[in-house]
Each structure stands twice: as structure tokens, then as C-alpha cells.
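Below is one structure; the comments refer to it alone.
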Amino acid sequence: MDMGAALIAIVGVAGTLGGVLLTQRGADRTKQRELELSRAIQEAREDRELRRRSYTDLHRDARQFATALSRHLYVMRDRAVADEDVRTLEEAKDAQRNGWSEAIMIAPGAVLAAASEVNGALTRVYGQVKRQEQGNPRQGETLQTAAEAQQSLWPLIHAMGDAMRHDLGVPGEIRTTLHVAQAGHVGVQDDMPGVAETGTGRRPQA
């Protein structure tokens, strides 16, 4: 074999090997991109599931805390507050606070803003209810005003739920009515002024 033929053969082999290497490298890059995409999709799914669980817990616990505040107002209206009543309210408060602490770490801005508004409102109503329970209300605070503040929690909770659903890509909104207005007309605040005595021994003011 002369030198020219040898060079041609070497170049041909090198070209073949180079083509194989380029093809392999391209396949490796494609596989790497597929793995990265698959990992990103899985992480997005896990993140969404984490947010879904956190939102579900926080929304439920906020509703239960609001309901516990309403129940506590009825108790104060009808009879003396017992240790069990206090414990029930405190457990509802603690559950909501725990959910709020978790949401702070994972919720995006829109959800966090709505949840923060709910948390602040619940805290303020709780403070008003406890001051009534302890017989040390601030000026202008009565069982009536506490009951009205408790009813005002529901639109905020519904708005928080809407923000959560939007973040999760769930279509539609939570109906803010949900008989809240009707419930308000038969709630604590409407029958509170007519009560002669409360569980604290104090006459509620209209």
C-alpha cells in the first residue's frame, strides 16, 4: 500500500470514529437534557403537592379557628367558660398558627399576602374574645363587637382560598357567599344584645 492510500485509509477511519464520537456526544447531550427535564417536572410536581397539602391544612385550620371563636362567644353568652372550652379554643389557635408558620416558608407572594391578612384578623378577633373572657375589654369592645369581628373573618378566608386555588391552577373561585350573610343574621352578634347575662357575669352592651 503506497503512502497516499494509507493516508486515505487513516483519514477514512478517523472520520468514521469522529462521526461515531459526535453522534455519541449528541446522544449523551440529548439524554442529559431529557433527564434534567424529567427531574424538573418531578420537582415541580412535588412542589405543587407540598403547596397543595399546606394550603389545604391552613385553609381548614383557619376555618376551624374562626368557628371555635364563634363557639367561644356562644359559651360566654350562655354560661361560665370551663377549662375544656379554653382548651378547645387554644387547640384551634395552635393548629392555625402551625399551618401559618409552614405557609410562610413555601407560599408565593399573592397567597402569602392573603394568608397574612387572615392570620392578622384571626389574631385580633382572638384577642378581643379573650379580653371579653377575662373581663378586661378595651374601650368600645363588647361581645357584640367581638361577634361582628368574628363574622368578618369569612370573606377573608374565602379570598385566601381563592388565592390558593389560583396558585395551584384550579379553575373557578370559592363563592364568598356560602350562606355567610344568612349565617350572620342568625349568628352570635344578632342575639347577643338581648342576652341578660354572659358567662363572665358581665351584661353585654349593644
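Since the structure is predicted, the reported quantities are computational estimates derived from the model, not experimental observations.
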Count the heavy atoms belonging to other residues, nucleotides or ligands that lie under 6.0 Å from CD of Gln64, then report whether that count exceeds 12. yes
Minimum heavy-atom distance between Leu58 and Ala115, given as atom pair plus value: CD2-CB, 4.0 Å
How many angstroms lie between CG in Leu153 and NE2 in His158, if you round to the nearest 0.5 Å? 10.5 Å
Between Gln128 and Gln132, do the side chains contain an N or O donor and an N or O acceptor separated by less than 3.5 Å? no
Beyond-backbone contact of Met164 with Thr56, side-chain heavy atoms, under 4.5 angstrom: no
Hey, what do you get for CD (Gln151) to OG (Ser70), rounding to the nearest 0.5 Å? 6.5 Å
Give me the atom names and distance for the closest heavy-atom approach of Ala68 to Ala92. CB-CB, 3.7 Å
Quick one: pull up CG in Asn119 and CG in Leu156 and give me the separation to the nearest 0.5 Å. 11.5 Å
OG1 of Thr67 to NE2 of His72: how many Å apart, nearest 0.5 Å? 14.5 Å
Salt bridge (Lys or Arg N to Asp or Glu O under 4.0 Å): which pairs involve residues 94-103, sequence neighbours left out? none
Which one of Asp78, Val129, Val125 satisfies the side-chain contact (heavy atoms from CB on, under 4.5 Å) criterion with Leu73? Val129
Give the intermediate values and the outcome of side-chain contact (heavy atoms from CB on, under 4.5 Å) for residues Val111 and Met160. CA-CA 7 Å; Val111 174; Met160 178 181 71; 5.5 Å; no
Results of salt bridge (charged side-chain N to carboxylate O under 4.0 Å, His left out) for Asp61 - residues two or more places apart only: none
Minimum-distance pair of heavy atoms, taken over all atoms of His59 and Gly161: CD2-CA, 3.8 Å
Please determine whether salt bridge (charged side-chain N to carboxylate O under 4.0 Å, His left out) holds for the pair Arg165 and Glu173, giving the CA-CA distance in whole Å, both sets of side-chain angles, and the decisive distance to 0.1 Å. CA-CA 7 Å; Arg165 288 167 61 88; Glu173 296 181 349; over 6 Å; no
Among residues at least two apart in sequence or on other chains, which ones pass side-chain hydrogen bond (donor to acceptor under 3.5 Å, both in side chains) with Glu90? Tyr126
Residues Asp85 and Ala80: closest non-hydrogen pair is OD2-O, 4.2 Å
The test is side-chain contact (heavy atoms from CB on, under 4.5 Å); show your working for Trp100 and Leu112 and say whether it passes. CA-CA 9 Å; Trp100 163 240; Leu112 194 59; 3.9 Å; yes
Heavy-atom closest pair (Ala163 atom, Ala114 atom, distance to 0.1 Å) is CB-CB, 4.1 Å
Applying side-chain contact (heavy atoms from CB on, under 4.5 Å) to Leu69 and Leu122, what does each step give before you reach the verdict? CA-CA 9 Å; Leu69 288 166; Leu122 283 166; 4.1 Å; yes
Just verifying a value: how many Å separate Lys130 NZ and Lys93 NZ, rounded to the nearest 0.5 Å? 8.5 Å
Under 3.5 Å, side chain of Gln150 to main-chain N/O of Ala66, donor-acceptor pair present? yes
Judged by atom type as modelled, is there a donor-acceptor pair below 3.5 Å linking the side chain of Ser152 to the main-chain atoms of Ala149? yes
Can you find a heavy atom in the side chain of Thr142 that is under 4.5 Å from one in the side chain of Pro137? no
Apply side-chain contact (heavy atoms from CB on, under 4.5 Å) to the pair Phe65 and Leu89, showing each step before the final yes or no. CA-CA 7 Å; Phe65 188 15; Leu89 180 60; 3.9 Å; yes
